[in-house]
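Taking it in order: structure first as structure tokens, then the write-up.
Side-chain atoms are counted along with the backbone in the values below, which use heavy atoms only and exclude waters and symmetry mates.
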Amino acid sequence: MRQKEAVALQYDKEKNSAPKVTAKGKGKTAQKIIELAELNDIPIKKDEDLIELLSKVELDKEVPAEMYKAVAEVFSFIYKITKKS
């Protein structure tokens, strides 16, 4: 069985030119990231392939340009589900 992984992104268009990785981890750390997101009503998207890519980005670093399309899909997903609320 594969160990649970999680990556948290943050995007502030006033401060950053691209989303940045603000948390990442495996196992208990991943579970804590997910719990904090749920407690704060932050949308969660499950995408193992994207997590694998984003886990290679250093903490507090912006997502590289070659990942923009994949990350844009996540933000589109978040926009759609939060707009329904």
>> As an exercise, state the distance from CG of L36 to CD1 of I42, rounded to the nearest 0.5 Å.
In response: 8.0 Å
> Distance-only, no hydrogens or angles: does the E62 side chain make a donor-acceptor pair with backbone N or O of N16 under 3.5 Å?
Replying inline: no
>> Starting from I33, can I reach V57 by hopping between I/L/V/M/F/W/Y residues whose side chains sit under 4.5 Å apart?
In response: no
>> Pair L50, E73 - check side chain to side chain contact (heavy atoms under 4.5 Å, CB included), show working.
In response: CA-CA 10 Å; L50 185 56; E73 291 173 14; over 6 Å; no
> So which heavy atom on K24 is nearest to which on T29, and how close?
Replying inline: O-CG2, 3.9 Å
> In the single-linkage hydrophobic clustering (I, L, V, M, F, W, Y; side-chain heavy atoms under 4.5 Å), do I44 and L53 co-cluster?
Replying inline: no
> Which atoms form the tightest heavy-atom contact between Y11 and P19, and what is the distance?
Replying inline: CD1-N, 3.5 Å
>> To check you understand the geometry: which heavy-atom pair defines the closest contact between K4 and A30, and what is its length?
In response: O-CB, 3.5 Å
> Nearest heavy-atom pair of P43 and I81: which atoms, and what distance?
Replying inline: CB-CD1, 3.5 Å
>> L54 vs V71, test: side chain to side chain contact (heavy atoms under 4.5 Å, CB included). Steps then yes/no.
In response: CA-CA 9 Å; L54 290 173; V71 172; 4.1 Å; yes
> What distance do D60 atom CG and Q10 atom CD have between them, rounded to the nearest 0.5 Å?
Replying inline: 8.5 Å
>> Tell me whether S55 contacts the main-chain N or O of I51 through its side chain, where contact means a donor paired with an acceptor under 3.5 Å.
In response: yes
> For E58, what residues pass the side-chain hydrogen bond (donor to acceptor under 3.5 Å, both in side chains) criterion, not counting sequence neighbours?
Replying inline: none
> Restricting to pairs with a member in residues 38-50, which pass salt bridge (Lys or Arg N to Asp or Glu O under 4.0 Å), not counting sequence neighbours?
Replying inline: R2-E48
